Amino acid sequence: MYTTDQYEGMAAETIAVPGDGGDYIYAYYARPTGAGPFPSVLLFHHMPGWDEWYKEATRKFAHHGYAALTPNLYHRAGHGTPEDVAAKVRGDGGVPDDQVVGDARGCIDFLRAQPTSNGKVGLWGTCSGGRHAYLVACRLGNADAVVDLWGGNVVVENESDLTPQRPVAPVEYTKDLNCPLLGLFGEEDRSPSPQQVAVHEEELKKHGKDYEFHMYAGAGHGFFYHDRPAAYRAEQAVDGWQKVFDFFGRHLGRQA
Amino acid sequence: MCTTIVEKTGITGSAKGARGWFSLREALVSYDHPFHVQLEHAVNIDFVNHDAGLDARVGVELTIDSARELAQALLAAVEAAEAYEGRAE
(Lines give C-alpha, C1' and ligand atoms only; values in the text may rest on other atoms or scores of the structure.)
Protein backbone atom coordinates (compact mmCIF):
# COMPACT_ATOMS: atom_id res chain seq x y z
CA MET A 1 0.00 0.00 0.00
CA TYR A 2 1.30 3.42 -0.93
CA THR A 3 1.79 5.99 1.83
CA THR A 4 2.86 9.58 1.33
CA ASP A 5 6.20 9.11 3.04
CA GLN A 6 7.41 6.67 0.37
CA TYR A 7 9.94 7.60 -2.29
CA GLU A 8 8.56 7.30 -5.82
CA GLY A 9 10.47 7.37 -9.06
CA MET A 10 9.98 6.06 -12.55
CA ALA A 11 12.01 5.78 -15.72
CA ALA A 12 10.14 5.46 -19.01
CA GLU A 13 11.65 5.38 -22.46
CA THR A 14 11.75 3.74 -25.85
CA ILE A 15 14.27 0.93 -26.14
CA ALA A 16 15.01 -1.83 -28.66
CA VAL A 17 14.54 -5.46 -27.70
CA PRO A 18 15.31 -8.63 -29.64
CA GLY A 19 12.14 -10.05 -31.11
CA ASP A 20 11.16 -12.86 -33.44
CA GLY A 21 13.97 -14.06 -35.68
CA GLY A 22 16.47 -11.85 -33.88
CA ASP A 23 14.90 -8.67 -35.28
CA TYR A 24 15.25 -5.72 -32.95
CA ILE A 25 11.90 -4.07 -32.36
CA TYR A 26 11.08 -0.96 -30.41
CA ALA A 27 9.43 -1.25 -27.02
CA TYR A 28 8.24 1.22 -24.42
CA TYR A 29 9.81 0.36 -21.08
CA ALA A 30 8.57 1.94 -17.85
CA ARG A 31 9.83 0.77 -14.49
CA PRO A 32 10.20 2.05 -10.95
CA THR A 33 13.59 3.46 -10.11
CA GLY A 34 15.42 1.67 -7.34
CA ALA A 35 17.10 -1.65 -6.82
CA GLY A 36 13.95 -3.73 -6.72
CA PRO A 37 13.30 -6.55 -6.93
CA PHE A 38 10.30 -5.79 -9.12
CA PRO A 39 7.91 -8.13 -10.88
CA SER A 40 7.40 -7.53 -14.59
CA VAL A 41 4.44 -7.15 -16.90
CA LEU A 42 4.59 -7.60 -20.66
CA LEU A 43 1.81 -5.68 -22.40
CA PHE A 44 0.36 -6.57 -25.79
CA HIS A 45 -1.11 -3.51 -27.49
CA HIS A 46 -4.52 -3.46 -29.12
CA MET A 47 -5.45 -3.36 -32.80
CA PRO A 48 -5.17 0.48 -33.03
CA GLY A 49 -1.50 0.03 -32.39
CA TRP A 50 1.36 1.14 -30.19
CA ASP A 51 -0.44 4.29 -29.20
CA GLU A 52 -0.72 6.83 -26.42
CA TRP A 53 -3.24 4.81 -24.41
CA TYR A 54 -0.81 1.90 -24.27
CA LYS A 55 2.08 4.12 -23.23
CA GLU A 56 -0.14 5.41 -20.41
CA ALA A 57 -1.05 1.86 -19.39
CA THR A 58 2.64 0.95 -19.36
CA ARG A 59 3.40 3.82 -16.99
CA LYS A 60 0.41 2.86 -14.85
CA PHE A 61 1.95 -0.55 -14.22
CA ALA A 62 5.28 1.08 -13.37
CA HIS A 63 3.48 3.39 -10.95
CA HIS A 64 2.13 0.28 -9.24
CA GLY A 65 5.59 -1.22 -8.87
CA TYR A 66 6.02 -3.29 -12.00
CA ALA A 67 8.71 -3.18 -14.67
CA ALA A 68 6.41 -2.85 -17.66
CA LEU A 69 7.31 -3.40 -21.30
CA THR A 70 5.11 -2.81 -24.34
CA PRO A 71 6.73 -3.89 -27.61
CA ASN A 72 5.63 -2.40 -30.90
CA LEU A 73 4.18 -5.52 -32.48
CA TYR A 74 3.74 -3.53 -35.72
CA HIS A 75 7.42 -2.54 -35.88
CA ARG A 76 8.06 -4.40 -39.12
CA ALA A 77 5.26 -2.53 -40.93
CA GLY A 78 7.40 0.60 -40.81
CA HIS A 79 7.19 3.83 -38.89
CA GLY A 80 4.71 6.67 -38.94
CA THR A 81 1.86 7.85 -36.77
CA PRO A 82 0.38 4.94 -34.79
CA GLU A 83 -2.78 5.24 -36.89
CA ASP A 84 -0.98 5.11 -40.23
CA VAL A 85 1.05 2.10 -39.10
CA ALA A 86 -2.02 0.32 -37.70
CA ALA A 87 -3.99 1.04 -40.87
CA LYS A 88 -1.33 -0.76 -42.90
CA VAL A 89 -1.37 -3.74 -40.55
CA ARG A 90 -5.16 -3.76 -40.58
CA GLY A 91 -5.10 -3.87 -44.37
CA ASP A 92 -2.63 -6.75 -44.24
CA GLY A 93 -4.95 -8.75 -41.97
CA GLY A 94 -2.90 -8.32 -38.81
CA VAL A 95 0.49 -9.58 -37.70
CA PRO A 96 1.31 -13.31 -37.77
CA ASP A 97 0.73 -15.19 -34.53
CA ASP A 98 4.09 -16.94 -34.80
CA GLN A 99 5.84 -13.57 -35.03
CA VAL A 100 4.03 -12.26 -31.94
CA VAL A 101 5.04 -15.37 -30.01
CA GLY A 102 8.65 -14.85 -31.10
CA ASP A 103 8.55 -11.19 -30.11
CA ALA A 104 7.10 -12.13 -26.72
CA ARG A 105 9.82 -14.69 -26.14
CA GLY A 106 12.49 -12.03 -26.58
CA CYS A 107 10.66 -9.58 -24.33
CA ILE A 108 10.14 -12.09 -21.53
CA ASP A 109 13.82 -13.05 -21.64
CA PHE A 110 14.72 -9.35 -21.54
CA LEU A 111 12.51 -8.70 -18.51
CA ARG A 112 13.81 -11.70 -16.55
CA ALA A 113 17.42 -10.75 -17.33
CA GLN A 114 17.17 -7.35 -15.65
CA PRO A 115 19.08 -7.06 -12.37
CA THR A 116 15.97 -5.56 -10.77
CA SER A 117 13.69 -8.47 -11.74
CA ASN A 118 12.15 -10.74 -9.13
CA GLY A 119 11.90 -13.40 -11.82
CA LYS A 120 8.14 -13.17 -12.23
CA VAL A 121 6.52 -12.05 -15.50
CA GLY A 122 2.84 -11.43 -16.12
CA LEU A 123 1.21 -11.01 -19.52
CA TRP A 124 -1.53 -8.44 -20.14
CA GLY A 125 -3.41 -7.24 -23.17
CA THR A 126 -6.66 -5.77 -24.45
CA CYS A 127 -8.60 -6.44 -27.64
CA SER A 128 -6.29 -8.28 -30.09
CA GLY A 129 -3.66 -7.89 -27.35
CA GLY A 130 -5.81 -9.92 -24.95
CA ARG A 131 -5.88 -12.66 -27.53
CA HIS A 132 -2.11 -12.37 -27.98
CA ALA A 133 -1.50 -12.52 -24.22
CA TYR A 134 -3.50 -15.73 -23.93
CA LEU A 135 -1.89 -17.23 -27.04
CA VAL A 136 1.61 -16.50 -25.74
CA ALA A 137 0.83 -17.84 -22.25
CA CYS A 138 -0.30 -21.11 -23.78
CA ARG A 139 2.38 -21.46 -26.44
CA LEU A 140 5.44 -20.38 -24.48
CA GLY A 141 4.45 -21.71 -21.09
CA ASN A 142 6.90 -19.47 -19.26
CA ALA A 143 4.65 -16.76 -17.78
CA ASP A 144 3.58 -16.55 -14.15
CA ALA A 145 0.13 -15.04 -14.78
CA VAL A 146 -1.90 -13.80 -17.73
CA VAL A 147 -4.70 -11.25 -18.09
CA ASP A 148 -6.96 -11.29 -21.14
CA LEU A 149 -9.14 -8.19 -21.44
CA TRP A 150 -11.89 -8.79 -24.01
CA GLY A 151 -9.62 -10.56 -26.46
CA GLY A 152 -11.62 -11.31 -29.60
CA ASN A 153 -11.21 -14.47 -31.67
CA VAL A 154 -9.82 -16.60 -28.83
CA VAL A 155 -12.78 -18.76 -29.79
CA VAL A 156 -13.37 -18.94 -33.54
CA GLU A 157 -16.83 -20.03 -34.65
CA ASN A 158 -16.28 -20.08 -38.40
CA GLU A 159 -13.27 -21.71 -40.01
CA SER A 160 -13.28 -18.90 -42.57
CA ASP A 161 -12.09 -16.63 -39.74
CA LEU A 162 -8.84 -18.59 -39.53
CA THR A 163 -6.26 -16.85 -41.69
CA PRO A 164 -2.61 -17.41 -42.65
CA GLN A 165 -1.69 -14.91 -39.92
CA ARG A 166 -3.97 -16.58 -37.36
CA PRO A 167 -4.23 -20.22 -38.40
CA VAL A 168 -5.27 -21.67 -35.01
CA ALA A 169 -7.85 -20.40 -32.53
CA PRO A 170 -6.03 -19.79 -29.22
CA VAL A 171 -8.69 -21.75 -27.33
CA GLU A 172 -7.21 -24.84 -29.00
CA TYR A 173 -4.04 -24.36 -26.94
CA THR A 174 -5.90 -24.23 -23.60
CA LYS A 175 -4.58 -27.59 -22.47
CA ASP A 176 -1.07 -26.09 -22.48
CA LEU A 177 -1.89 -23.13 -20.21
CA ASN A 178 0.25 -23.43 -17.10
CA CYS A 179 -0.33 -20.17 -15.21
CA PRO A 180 -3.33 -18.45 -13.61
CA LEU A 181 -5.62 -16.54 -15.97
CA LEU A 182 -7.78 -13.48 -15.31
CA GLY A 183 -10.37 -12.56 -17.95
CA LEU A 184 -12.47 -9.41 -17.97
CA PHE A 185 -15.29 -9.08 -20.48
CA GLY A 186 -18.29 -6.92 -21.32
CA GLU A 187 -21.76 -8.35 -21.58
CA GLU A 188 -22.51 -6.17 -24.63
CA ASP A 189 -19.35 -7.15 -26.50
CA ARG A 190 -19.66 -9.08 -29.76
CA SER A 191 -15.99 -10.03 -30.07
CA PRO A 192 -15.78 -11.87 -27.77
CA SER A 193 -19.48 -12.44 -27.30
CA PRO A 194 -20.69 -13.81 -23.93
CA GLN A 195 -21.33 -17.09 -25.77
CA GLN A 196 -17.72 -17.25 -26.94
CA VAL A 197 -16.49 -16.47 -23.44
CA ALA A 198 -18.66 -19.33 -22.17
CA VAL A 199 -17.07 -21.70 -24.69
CA HIS A 200 -13.62 -20.59 -23.53
CA GLU A 201 -14.62 -21.09 -19.89
CA GLU A 202 -15.86 -24.61 -20.60
CA GLU A 203 -12.51 -25.47 -22.14
CA LEU A 204 -10.67 -24.10 -19.10
CA LYS A 205 -12.88 -26.16 -16.79
CA LYS A 206 -12.40 -29.26 -18.91
CA HIS A 207 -8.64 -29.02 -18.48
CA GLY A 208 -8.78 -28.03 -14.81
CA LYS A 209 -7.14 -24.63 -15.30
CA ASP A 210 -6.75 -21.90 -12.68
CA TYR A 211 -8.82 -18.98 -13.94
CA GLU A 212 -11.12 -16.10 -12.94
CA PHE A 213 -13.58 -14.66 -15.44
CA HIS A 214 -15.66 -11.55 -14.79
CA MET A 215 -18.45 -10.48 -17.11
CA TYR A 216 -19.45 -6.83 -16.66
CA ALA A 217 -23.03 -5.71 -17.22
CA GLY A 218 -23.50 -2.45 -19.07
CA ALA A 219 -20.11 -2.71 -20.80
CA GLY A 220 -19.06 -3.67 -24.29
CA HIS A 221 -15.70 -3.83 -26.02
CA GLY A 222 -12.90 -1.63 -24.69
CA PHE A 223 -14.51 -0.36 -21.51
CA PHE A 224 -11.12 0.72 -20.05
CA TYR A 225 -10.50 3.16 -22.91
CA HIS A 226 -11.03 6.60 -21.41
CA ASP A 227 -10.10 8.14 -24.77
CA ARG A 228 -13.06 6.39 -26.42
CA PRO A 229 -16.13 7.99 -24.85
CA ALA A 230 -18.58 5.59 -26.50
CA ALA A 231 -16.73 2.56 -25.10
CA TYR A 232 -15.52 3.82 -21.73
CA ARG A 233 -17.40 2.68 -18.63
CA ALA A 234 -15.90 4.37 -15.57
CA GLU A 235 -17.41 2.16 -12.87
CA GLN A 236 -16.51 -1.10 -14.62
CA ALA A 237 -13.05 0.19 -15.52
CA VAL A 238 -12.23 1.17 -11.94
CA ASP A 239 -13.34 -2.24 -10.71
CA GLY A 240 -11.48 -3.96 -13.54
CA TRP A 241 -8.18 -2.20 -12.80
CA GLN A 242 -8.53 -3.21 -9.15
CA LYS A 243 -9.03 -6.80 -10.19
CA VAL A 244 -5.95 -6.63 -12.45
CA PHE A 245 -3.69 -5.30 -9.68
CA ASP A 246 -5.11 -7.69 -7.10
CA PHE A 247 -4.52 -10.61 -9.46
CA PHE A 248 -0.97 -9.64 -10.40
CA GLY A 249 -0.22 -8.80 -6.76
CA ARG A 250 -1.15 -12.32 -5.72
CA HIS A 251 0.65 -14.10 -8.52
CA LEU A 252 3.73 -12.01 -9.27
CA GLY A 253 4.99 -11.41 -5.78
CA ARG A 254 4.35 -7.69 -5.69
CA GLN A 255 4.51 -6.44 -2.12
CA ALA A 256 1.19 -4.73 -1.30
CA MET B 1 -7.30 -7.49 -35.74
CA CYS B 2 -10.64 -8.11 -34.14
CA THR B 3 -12.39 -9.14 -37.34
CA THR B 4 -11.07 -10.77 -40.48
CA ILE B 5 -13.06 -8.53 -42.80
CA VAL B 6 -10.63 -6.92 -45.24
CA GLU B 7 -10.94 -6.23 -48.95
CA LYS B 8 -8.16 -4.79 -51.08
CA THR B 9 -8.27 -3.37 -54.54
CA GLY B 10 -5.69 -1.71 -56.72
CA ILE B 11 -6.80 1.75 -57.83
CA THR B 12 -5.54 4.56 -60.02
CA GLY B 13 -6.05 8.17 -59.05
CA SER B 14 -4.91 10.75 -56.53
CA ALA B 15 -5.80 11.64 -52.98
CA LYS B 16 -5.03 14.58 -50.73
CA GLY B 17 -3.89 13.74 -47.23
CA ALA B 18 -1.79 15.22 -44.45
CA ARG B 19 1.21 15.37 -46.78
CA GLY B 20 -0.68 16.92 -49.70
CA TRP B 21 -1.55 15.25 -52.97
CA PHE B 22 -0.18 11.81 -53.77
CA SER B 23 -0.81 9.10 -56.36
CA LEU B 24 -2.98 6.23 -55.19
CA ARG B 25 -2.07 2.57 -55.46
CA GLU B 26 -4.60 0.74 -53.33
CA ALA B 27 -7.84 1.01 -51.41
CA LEU B 28 -8.08 -1.08 -48.25
CA VAL B 29 -11.62 -1.66 -47.05
CA SER B 30 -12.09 -3.24 -43.66
CA TYR B 31 -14.77 -3.69 -41.05
CA ASP B 32 -12.83 -3.38 -37.83
CA HIS B 33 -12.05 -0.96 -35.03
CA PRO B 34 -11.90 2.65 -36.26
CA PHE B 35 -9.51 5.27 -34.86
CA HIS B 36 -11.86 8.22 -34.59
CA VAL B 37 -15.57 7.62 -35.13
CA GLN B 38 -17.23 6.53 -31.90
CA LEU B 39 -18.19 3.05 -33.00
CA GLU B 40 -16.87 -0.34 -31.93
CA HIS B 41 -16.51 -1.30 -35.58
CA ALA B 42 -16.76 0.76 -38.72
CA VAL B 43 -16.35 0.34 -42.44
CA ASN B 44 -12.87 1.78 -42.84
CA ILE B 45 -11.54 2.83 -46.21
CA ASP B 46 -7.86 3.62 -46.45
CA PHE B 47 -6.75 5.14 -49.73
CA VAL B 48 -3.01 4.50 -49.72
CA ASN B 49 0.24 4.40 -51.58
CA HIS B 50 2.53 2.48 -49.28
CA ASP B 51 5.37 2.80 -51.78
CA ALA B 52 5.35 6.50 -50.95
CA GLY B 53 5.30 6.01 -47.17
CA LEU B 54 2.79 5.13 -44.48
CA ASP B 55 1.61 8.74 -44.33
CA ALA B 56 0.44 8.55 -47.93
CA ARG B 57 -3.00 7.65 -46.60
CA VAL B 58 -6.45 9.12 -46.57
CA GLY B 59 -8.64 7.35 -44.04
CA VAL B 60 -12.42 7.31 -43.94
CA GLU B 61 -14.50 5.64 -41.22
CA LEU B 62 -18.19 5.04 -41.95
CA THR B 63 -21.26 3.46 -40.44
CA ILE B 64 -22.49 0.42 -42.33
CA ASP B 65 -25.48 2.37 -43.66
CA SER B 66 -23.27 5.23 -44.80
CA ALA B 67 -20.90 2.81 -46.50
CA ARG B 68 -23.78 1.23 -48.40
CA GLU B 69 -25.08 4.64 -49.45
CA LEU B 70 -21.60 5.64 -50.58
CA ALA B 71 -21.22 2.44 -52.57
CA GLN B 72 -24.58 3.03 -54.26
CA ALA B 73 -23.66 6.64 -55.03
CA LEU B 74 -20.33 5.53 -56.46
CA LEU B 75 -21.99 2.94 -58.66
CA ALA B 76 -24.64 5.39 -59.82
CA ALA B 77 -22.00 7.96 -60.70
CA VAL B 78 -19.87 5.36 -62.47
CA GLU B 79 -22.82 4.10 -64.50
CA ALA B 80 -23.66 7.66 -65.49
CA ALA B 81 -20.03 8.33 -66.33
CA GLU B 82 -19.84 5.22 -68.51
CA ALA B 83 -23.03 6.26 -70.29
CA TYR B 84 -21.63 9.77 -70.75
CA GLU B 85 -18.41 8.41 -72.18
CA GLY B 86 -20.41 6.11 -74.43
CA ARG B 87 -22.38 9.09 -75.72
CA ALA B 88 -19.16 11.02 -76.16
CA GLU B 89 -17.90 8.36 -78.53
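What you see is a predicted model, and the numbers here were worked out from it, not measured in a lab. Per chain, numbering begins at 1; letters A, B, ... match sequence-line order.
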Can you confirm whether the side chains of [X] and [Y] place a donor and an acceptor under 3.5 Å from each other?
X	Y	answer
Tyr134(A)	His200(A)	yes
Tyr225(A)	Thr126(A)	yes
Asn72(A)	Tyr28(A)	no

Under-4.0 Å salt bridge between Arg76(A) and Asp103(A):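 Answer for the salt bridge query: yes.
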Ion pair present between Lys88(A) and Asp84(A), side-chain N to carboxylate O less than 4.0 angstrom?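 Judged by the 4.0 Å cut-off on N to carboxylate O distance, Lys88(A) and Asp84(A) do not form a salt bridge.
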What part of Asp55(B) gets within 4.5 angstrom of chain A, counting heavy atoms only: side chain, backbone, both, or neither? both
Checking Val37(B) against chain A: side chain, backbone, both or neither under 4.5 Å from a heavy atom?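 When you check distances to chain A, only backbone atoms of Val37(B) fall under 4.5 Å.
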Which residue, Arg166(A), Arg131(A), Arg139(A), forms the side chain to side chain donor-acceptor pair (under 3.5 Å) with Asp97(A)? Arg131(A)
Identify which part of [X] has an atom lying under 4.5 Å from any heavy atom of chain B, answering side chain, backbone, both or neither.
X	answer
Thr81(A)	neither
His79(A)	backbone
Asp92(A)	both

Out of [options], return the one with the most heavy atom pairs under 4.5 angstrom to chain B.
options	result
Ala231(A), Gly220(A), Pro229(A), Gly80(A)	Pro229(A)
Pro48(A), Ser191(A), Gly49(A), Ala87(A)	Ala87(A)
His46(A), Glu83(A), Gln165(A), Arg190(A)	Glu83(A)

Quick one: of Asn44(B), Leu28(B), Ile5(B), who has the most non-hydrogen atom pairs under 4.5 Å with chain A? Asn44(B)
Do Asp46(B) side-chain atoms and Val48(B) backbone N/O form a donor-acceptor pair below 3.5 Å? no
